[in-house]
Visitor: 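Please find one structure pasted underneath; my questions will follow.
Along the sequence shown, residues are numbered consecutively beginning with 1. Keep in mind it's a predicted model, so treat the numbers as computed, not measured.
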Amino acid sequence: MSLASSEYLGIAELSGQELEKIMLRGGTPEPKDLAGWEYRGLNIAFWASRSPIEKFIKGFYQGEGREAGLVMGYNEPVVQNGPENPWSAKPSDADPKRFGFYRMDRVDPSSKDNEYLHAVLLDYGKGGNFVLDPAARLRDYLVQVEPGSNERLLGKAYLAIGPARVKSNYFLLERHKETSWVRPN
């Protein structure tokens with residue numbers, strides 16, 4: 001299994017101010033171009049290295065059935081063995097747990113979730129999660145680190161608490177592997 005690139009690990013070391021510059025200047029990913037890929041993910045926050053979610057996998061797929069025409073996605077838990085080591089899905093790479101589903105859309109300037117108009121929005125409230133699942137409160141904005149390239153993506157997570165949007169943290173994604181998985185309807 002491949003390891004994270006040195007570029008990826010270097011971006012993860014940037015300050016919040018430097019990450020915000022990337023968020024403001026990053027390119028806009030085309031949702032359909034992310035479908036069929038899984039990305040290694042790394043939460044960037046003071047608490048991340050001491051948490052069970054520092055590392056994760058985020059996948060994207062083209063919806064079918066009632067989700068036809070939409071790009072949807074999911075998260076997978078991984079072994080927490082530090083960013084310099086491989087991303088190994090739990091309980092196994094062959095049969096990972098998938099959770100924290102979301103729908104990917106362009107940011108609608110007239111919606112409540114319109115912080116970064118050039119980003120795409122991962123809306124966990126529209127992902128078919130159980131209404132009481134805390135993941136349903138997540139709203140992630142995603143941009144290309146290098147405009148025009150989907151190799152590395154920077155995200156910024158917010159929590160939707162009623163009408164309020166509370167900033168949570170940045171996270172970094174790097175292309176990991178292709179996938180043909182689609183959520184059963």
Visitor: Is any side-chain heavy atom of Val120 closer than 4.5 Å to one of Asp105?
Guide: no
Visitor: Considering residues at least two apart in sequence or located in another chain, which fulfil the side-chain hydrogen bond (donor to acceptor under 3.5 Å, both in side chains) criterion with Gln80?
Guide: none
Visitor: Pairs in or reaching into residues 119-136: which pass side-chain hydrogen bond (donor to acceptor under 3.5 Å, both in side chains), with residues at least two apart or in two chains?
Guide: Lys58-Tyr124, Asn75-Tyr124, Asp123-Arg139, Tyr124-Asp140
Visitor: Mind checking what makes side-chain hydrogen bond (donor to acceptor under 3.5 Å, both in side chains) contact with Asn85, not counting sequence neighbours?
Guide: none
Visitor: Under 3.5 Å, is there a donor on one side chain and an acceptor on the other for Lys55 and Asn43?
Guide: no
Visitor: Could you report the tightest heavy-atom contact between Ala12 and Leu42, atom names first, then the distance?
Guide: CB-CD2, 3.6 Å
Visitor: If the condition is ring-ring contact (aromatic ring centres under 6.0 Å, His included), which residues does Phe56 pass it with, not counting sequence neighbours?
Guide: none
Visitor: Leu132: which residues meet the side-chain contact (heavy atoms from CB on, under 4.5 Å) condition with it, sequence neighbours left out?
Guide: Phe130
Visitor: Would Leu173 and Arg152 count as a side-chain contact (heavy atoms from CB on, under 4.5 Å) if you check the C-alpha gap in whole Å, the side-chain angles of each, and the deciding distance to 0.1 Å?
Guide: CA-CA 6 Å; Leu173 302 177; Arg152 281 175 287 282; over 6 Å; no
Visitor: Closest heavy-atom contact between Gly27 and Pro147?
Guide: N-CG, 3.8 Å
Visitor: Under the side-chain contact (heavy atoms from CB on, under 4.5 Å) rule, collect the residues that match up with Arg137, sequence neighbours excluded.
Guide: none
Visitor: Can you sort out the partners of Glu54 under side-chain hydrogen bond (donor to acceptor under 3.5 Å, both in side chains), two or more places apart, ordered by chain and number?
Guide: none
Visitor: Met23 and His118: which non-hydrogen atoms are nearest, and at how many Å?
Guide: O-NE2, 2.6 Å
Visitor: Is there side-chain contact between Tyr39 and Trp87, with at least one heavy-atom pair below 4.5 Å?
Guide: no
Visitor: With sequence neighbours left out, what residues match Gln62 under side-chain hydrogen bond (donor to acceptor under 3.5 Å, both in side chains)?
Guide: none
Visitor: Check the side chains of Thr28 and Gln144 for a donor-acceptor pair under 3.5 angstrom, ignoring hydrogens and angles.
Guide: no
Visitor: Which pairs of donor and acceptor atoms, one on a side chain in residues 29-38, lie under 3.5 Å apart (sequence neighbours left out)?
Guide:
| unit_1 | atom_1 | unit_2 | atom_2 | d |
| --- | --- | --- | --- | --- |
| Glu30 | OE1 | Arg106 | NH2 | 2.5 |
| Glu30 | OE2 | Arg106 | NH2 | 3.4 |
| Glu38 | OE2 | Tyr74 | OH | 2.5 |

Visitor: Give me each pair satisfying salt bridge (charged side-chain N to carboxylate O under 4.0 Å, His left out) with a member in residues 8-20, each pair once, sequence neighbours excluded.
Guide: Glu20-Lys156
Visitor: Tell me, which pairs form a salt bridge (charged side-chain N to carboxylate O under 4.0 Å, His left out) where one or both residues lie in residues 67-86, sequence neighbours left out?
Guide: Glu76-Arg98
Visitor: Can you name the salt bridge (Lys or Arg N to Asp or Glu O under 4.0 Å) partners of Arg165, sequence neighbours left out?
Guide: Asp113
Visitor: Going through the checks in order, is the side-chain contact (heavy atoms from CB on, under 4.5 Å) test met by Met104 and Leu121?
Guide: CA-CA 6 Å; Met104 183 181 201; Leu121 179 68; over 6 Å; no
Visitor: Does the side-chain contact (heavy atoms from CB on, under 4.5 Å) test come out yes or no for Phe171 and Leu142, once each step is laid out?
Guide: CA-CA 9 Å; Phe171 62 91; Leu142 203 57; 3.9 Å; yes
Visitor: Which atoms form the tightest heavy-atom contact between Val145 and Leu154, and what is the distance?
Guide: CG2-N, 3.8 Å
Visitor: List the atom of Asp95, the atom of Pro91, and the distance in Å for their closest heavy-atom pair.
Guide: O-CD, 3.4 Å
Visitor: Which heavy atom in Gly100 sits nearest to a heavy atom in Ala135, and how many Å separate them?
Guide: CA-CB, 4.1 Å
Visitor: Please say yes or no: joined through hydrophobic side-chain contacts below 4.5 Å, possibly via intermediate residues, are Leu70 and Val182 part of one cluster?
Guide: yes
